[in-house]
Amino acid sequence: MTFKSIAVSAVASPVLRNPHVKRPQTLVHLLQSCISGQTHHLHLQPIHAQSIISGLRSDLFFNNLLLNGYSKSGLLGYAQELFERMPERNMISWSSMISMYTQHNREEEALCLFSSFRWSSSDRPNEFILASVLRACVQSEAFDHAAQVHGLVAKLGLDSDVFAGTALINFYTKIGGMDKAMLIFYELPVTNSVTWTAVITGYSQIGKSVTSLRLFNQMKESRVQPDRFVLSSVISACSALDFLEGGRQIHGYVCRNGTEMDVSINNVLIDLYCKCCKVRIARRLFDWMVVKNLVSWTTMIAGCMQNSFDLEAMNLFVEMSKLGWRPDGFACTSILTSCGSLMALQQGKQVHGYAIKAKLESDEYVNNGLIDMYAKCGSLVDARAVFDAMIEHNVISYNAMIEGYARHEELVEAFTLFNRMRSGSLHPSLLTYVSLLGLSASLSVIDLSKQIHCLVIKAGVALDLYAGSALVDVYSKCLCADDARAVFDEMDLRDLVMWNAMIFGYTQNAQGEEALKLFHQLCVAGMRPNEFTFVALVTVASNLASLFHGLQFHSQIIKAGLDFDPHVSNALIDMYAKCGCIEEAWMLFDSTRGRDVVCWNSMISRYAQHGHAEEALKVFQLMRNEDIEPNYVTFVGVLSACSHAGLTEEGLCHFHSMKDKYGIEPGMEHYASVVTLLGRAGKLQEAKEFIEQMPIEPAAVVWRSLLSACREFGNVDLGRYAAEMSILKDPKDSGPYVLLSNIFASKGMWADAEKVRKGMDYFGAVKEPGYSWVEVHKEVHVFIARGREHPEADMIYLVLDGLMQLIKVFGYEPDTTELLMDDIND
DNA sequence: ATAGGGTTAG
């Protein structure tokens, strides 16, 4: 557009229909009221045109006013043309233009104009021009240039001016030179709320929010009235510190002060409440706000996402779009995270499409969010495509991608990327290691775990809560409870997750008593156990078959209101069944809502273990009636039920249906089960042939199943073969030696039995001693076969001898034919 | 001259 088009529009303007308006003095008033009004951009052009007609073309004062109006309306082109045509310019004209360019992020033009000013005018630049120029330098990150301008400011003696001084403070704040900024600040003879805001936000930005709050107090002491800018800055400092009480006080002040309607203040308040986990309060404030902007919506969505209110975040995102808001990169990043958490691939893809349309493809946050979303939804190929399309990667891009591979156990991909990251200039963060440790934990590879731990130590970063519990977890899963405990003890700070990891670690390592001890310490430390703690504890009770503990935990679970948690329910059902209370287990199972496949599996397996094969199969039928898809573990239970009950045909039928009907590839446990099934039916040869036809390499457990059957039916030849195969696979396991030796002993083949015993020593296999335990008055007493460790061993054996003699009187005769020689010689 | 919102892990 040119001045010609302005003139055309002037003719049609309703504002100028009144002839009085055309007088110069009236035009000035009209312009002034336009600038302070809301719709100035509509009237500026007609007024401009009229001013030319009314002879104001060369009026410096009027032109400066117009320049100001165009600048406020963002009509840069008109301002530029006017400025060029002005026959006369003063400091105000230059200053308006430079500050306009700066405000609209046209730093280069601002600096260029400053050069022409110095070139064409002999006047010294005033404090306003210098402040604008400094801001332009800072915005365009031309810090060297800014330092030169500082020199000029000092030369002109303007460094004690509030405007120039504040701009300088802002410059040093941006480059992290808080000391220098404070030096300038203390030299200023006059300060106002703008100056204070600059230093307060400066400290917040370098993470020293406490200093920000201290400065805010100093500001109030020096009787400077806080404005909405400082207030938002200070609230944001409170939010960074999780200082809810402080934030609330300022919220109260804001309400008394009359700034409660300010959008920005409310935005930071929403942020504060969300960061302090008060999402409901934040949401109420958000709903109450009459005027909202894009930041209000984004803050609310981010707050929901950060507190795992993912569905609410999604709804807000849809709502804002419907209301016509165009979500920016910030909103997209947050919503992508929520899509990932909800595994909402479809919605995630829609956001991806929108992001492309909205030209957000170069936003690193959005890209990282996309990687995370696709990885969480299981689309690793798409995640990688986004990753590869990025020009530059940061640590988060790598971490999100590595975490995706780790979660899906893509070992090679994860470590290839990890090495690529290390060979570049990017340093892996603790988060990277946490992901890799998670992978290592799910694979339970101790060497790998230790190597990663070494890298963490070499990196020289102190463990945080995440890394600490990841290490506790990985060592527990690798069956190194002592190493896990060493990490646990080394931590300065422990949260509930860490305690749970250690308690669960002991559970996995069959050190139930240590787990119980730790639970006691947890309570002493004033922590409140959650569903994870109770799952571990109930599992301990289950492993120890201690109904006493199980009942106690169950009542604590009810008190804590956690009895409807599906994982807790599963653990309880398992515990009751393990403790022999199969009916209680069934009752609990029956009353559980939303039973998942794990729940059904545990009921099936437990019935099978108790020899209630019919019940187990009935539950399996019920499960299918309820359309619950059986999985790998389900069939372990079903096959075990069939083999216990001698249901050979039915068992084989289920075995075949596994792959044919449900598409589940049978694993070692299933093959072993079928061998047991055939073996129990006496079909030893068939069992052997079955093993030989297995599509996977039979593990020791499969041969041992056959061996057990051979022992049952006294088949020496096949038994010998099965034992050899089993020992070949796992020489350290004492089981096959014992079983084979038993076969020989039962046939009176003592020399062969002796040979097997020697072979056992040769391979270093040690028979695990049998344990038994009894619980008396909340204390578990453990006994090893023939052990004398118990403090009252003498008395116990005395009573035992008495009992033996008593049962012999009633006609009991111990069966010694199948005992190991070891036992006979004893 | 000054303020406010975003990503990865146990």
Side-chain angles (χ1 to χ4, degrees), chain A residues 99 102 127-128 130-132 134-135 138 161-171 173 192-202 204 227-237 239 262-272 274-275 293-303 305-306 327-337 340 363-373 375-376 394-404 406-407 429-438 441 463-474 495-498 500-501 532:
Chain A
S99 97
T102 310
E127 60 275 25
F128 302 112
L130 288 168
S132 281
L134 271 168
R135 184 177 154 190
V138 170
D161 172 79
V162 210
F163 274 72
T166 309
L168 281 171
I169 290 170
N170 203 34
F171 159 53
T173 298
N192 57 24
S193 66
V194 184
T195 334
W196 284 96
T197 309
V199 286
I200 287 172
T201 36
S204 283
D227 62 2
R228 58 209 173 91
F229 291 90
V230 214
L231 290 170
S232 358
S233 195
V234 174
I235 294 169
S236 131
S239 150
D262 185 79
V263 189
S264 293
I265 287 192
N266 282 311
N267 291 346
V268 276
L269 280 170
I270 290 172
D271 184 56
L272 166 85
C274 286
K275 291 261 155 62
N293 62 15
L294 190 61
V295 178
S296 325
W297 285 92
T298 316
T299 311
M300 195 63 238
I301 289 174
M305 178 272 288
Q306 285 151 353
D328 62 0
F330 286 78
C332 288
T333 308
S334 297
I335 209 64
L336 281 170
T337 309
D363 187 316
E364 60 170 24
Y365 282 84
V366 172
N367 279 317
N368 292 342
L370 281 168
I371 294 172
D372 175 56
M373 183 276 293
K376 288 235 173 69
N394 60 16
V395 184
I396 294 170
S397 330
Y398 271 99
N399 286 353
M401 199 62 234
I402 290 173
E403 164 62 18
R407 187 145 295 195
S429 63
L430 272 181
L431 227 128
T432 326
Y433 294 113
V434 170
S435 295
L436 294 175
L437 285 169
L463 294 179
D464 64 359
L465 288 172
Y466 285 88
S469 44
L471 280 167
V472 169
D473 185 56
V474 79
D495 63 357
L496 189 57
V497 181
M498 178 102 56
N500 286 344
F532 290 90

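Just so you know, these numbers use all the heavy atoms, side chains as well, and skip hydrogens, waters and symmetry mates. Proteins get letters first, then strands, A, B, ... in listed order; numbering begins at 1 in each.
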Undergrad: Base, sugar-phosphate alone, or nothing: which one does A:R135 contact when heavy atoms must sit under 4.0 Å apart?
TA: sugar-phosphate

Undergrad: Rounded to whole angstrom units, what separation is found between the CG atom of A:N170 and the C1' atom of B:dT2?
TA: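 Between C1' of B:dT2 and CG of A:N170: 7 Å.
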
Undergrad: What residues form a side chain to side chain contact (heavy atoms under 4.5 Å, CB included) with A:A331, not counting sequence neighbours?
TA: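 Checked A:A331 against side chain to side chain contact (heavy atoms under 4.5 Å, CB included); matches are A:T298, A:F317, A:P327, A:D328.
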
Undergrad: Going by the rule ring-ring contact (aromatic ring centres under 6.0 Å, His included), which residues pair with A:F171 if we only count those two or more places apart in sequence or in a different chain?
TA: none

Undergrad: What integer distance in Å separates A:L231:CG from B:dA3:P?
TA: 14 Å

Undergrad: Taking only residues two or more places apart in sequence, or in another chain, which ones meet A:F128 in a ring-ring contact (aromatic ring centres under 6.0 Å, His included)?
TA: A:F163

Undergrad: Provide, to the nearest angstrom, the distance between the CG atom belonging to A:D227 and the P atom belonging to B:dA1.
TA: 15 Å

Undergrad: In chain order, what residues pass the salt bridge (Lys or Arg N to Asp or Glu O under 4.0 Å) check against A:D262, with sequence neighbours excluded?
TA: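 A:D262: salt bridge (Lys or Arg N to Asp or Glu O under 4.0 Å) contacts with A:R228.
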
Undergrad: Sugar-phosphate means primed atoms, P, OP1 and OP2; the rest is base. With that split, encode nucleotides 4-10 of chain B 5' to 3' as B, S or - using protein heavy atoms under 4.0 Å.
TA: BBBBBBB

Undergrad: Hey, are A:S429 and A:N399 close enough side-chain-wise for a donor-acceptor pair under 3.5 Å?
TA: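 Per modelled atom types, A:N399 and A:S429 side chains form a pair under 3.5 Å.
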
Undergrad: Side-chain atoms of residues 194-202 of chain A: list all donor-acceptor pairs with protein atoms under 3.5 Å, sequence neighbours left out, distances to 0.1 Å.
TA:
from   : atom 1 : to     : atom 2 : distance (Å)
A:T195 : OG1    : A:N192 : N      : 3.1
A:T195 : OG1    : A:N192 : O      : 3.3
A:T195 : OG1    : A:N192 : OD1    : 2.7
A:W196 : NE1    : A:T191 : OG1    : 3.3
A:T197 : OG1    : A:S193 : O      : 2.5
A:T201 : OG1    : A:T197 : O      : 2.6
A:T201 : OG1    : A:A198 : O      : 3.1

